[in-house]
Amino acid sequence: MIKAIVTDIEGTTSSISFVKEVLFPYAAKAFPGFLDAHWQDETVQALISAAAEESGQTLETPEKASALFQQWIAEDRKATSLKALQGMIWKQGYQNGDYTAHLYSDTAKCLKQWKQHGLDLYVYSSGSIPAQKLFFGYSDEGDLTALFSGYFDTTSGHKQEVQSYRNIQADIGLPAEQLLFLSDVEAELDAAAEAGLRTIRLDREGSQGVSKHQVVTCFNQIDVANLQERPTAD
Ligand SMILES: CSCCC(=O)C(=O)COP(=O)(O)O
Ligand SMILES: [Mg+2]
């Protein structure tokens, strides 16, 4: 039996456009001011050092660092340092009421039903864990953080790598075949399946074509009461 669900955010619980057209531009615009104000903070400096190492650049001024992060945002780079800094910047936007996090109309209802059915719920996103908590804490449907038993980000590994799902499975502490991973990205689902997880692809627009995985267009189509485990290969 499936005992826990691990869900992606962008394209799965929530629209890609909210992330790309609201969150990313907000962070890009706020980066220069944020880095000016927090340049001496120990945590920020550690993240700048990580970004300098990853990029091979010397980031000795807030201006140089801002330029790099703005380039990475434009490229949708999933760098852990960028994601941590974005999370810090988005906090202010959520707290000011500049936006709430988009959820598809079925998301909150189904997450609540699945939880009520006895399933443990987890998030796995490239957004940092603090950013994920803000996302579900300030969602269109209010604070949903109580529904989740845990959160995973790129500190568990990148989403298209098999080892990331092995790490997550070990942290959750359930056999891989009792975990269901939901995502809109085929390569993420392939990696999760290779680690032994059950997978379902979300095709929210109904336009993504063929998949090796079960495909649904909304969470309502996932019948958790009848979800079979992935057969174990032996
Ligand atoms: C925590 S919301 C912002 C998500 C984000 O930064 C991102 O890059 C989207 O990644 P996902 O793994 O959810 O597709
Ligand atoms: Mg996604």
| field | Quiz item: cation-pi between K159 and Y124, 6.0 Å / 45° | value | yes
Nearest-0.5 Å distance, [atom1] of residue [X] to [atom2] of residue [Y]:
X: Q214; Y: L180; atom1: CD; atom2: CG; value: 8.5 Å
X: E21; Y: S15; atom1: CD; atom2: OG; value: 8.0 Å
X: F135; Y: L23; atom1: CZ; atom2: CG; value: 6.5 Å

| field | Neighbour count above 12 (heavy atom, 6.0 Å) for K91 NZ | value | no
| message | Tell me if the CD atom of E42 is crowded by more than 12 foreign heavy atoms within 6.0 Å. | response | no
Side chains of [X] and [Y] in contact at under 4.5 Å (non-hydrogen atoms):
X: F148; Y: K133; result: no
X: E10; Y: S126; result: no
X: F152; Y: Q132; result: no
X: E141; Y: T100; result: no
X: L189; Y: Y165; result: no

| How would you list all residue pairs meeting ring-ring contact (aromatic ring centres under 6.0 Å, His included) that involve residues 41-65, not counting sequence neighbours? | none
| said: Can you tell me how the ring of F69 sits relative to the ring of W72, calling it parallel under 30°, perpendicular over 60° and tilted otherwise? | reply: perpendicular
| query | Got a salt bridge between D184 and R204, using NZ or NE/NH1/NH2 to carboxylate O under 4.0 Å? | reply | no
| message | Between E54 and R77, does any NZ, NE, NH1 or NH2 come within less than 4.0 Å of an OD or OE carboxylate oxygen? | response | yes
| Should T154 and T80 be marked as a side chain to side chain donor-acceptor pair (under 3.5 Å) after you check the CA-CA gap, both sets of side-chain angles, and the distance that decides it? | CA-CA 6 Å; T154 53; T80 303; 2.8 Å; yes
| remark: Sorted by chain and residue number, the side-chain contact (heavy atoms from CB on, under 4.5 Å) partners of D76 (sequence neighbours excluded) come out as K20, F24, K78
| task | Determine whether the aromatic ring centres of Y94 and Y99 lie less than 6.0 Å apart. | result | yes
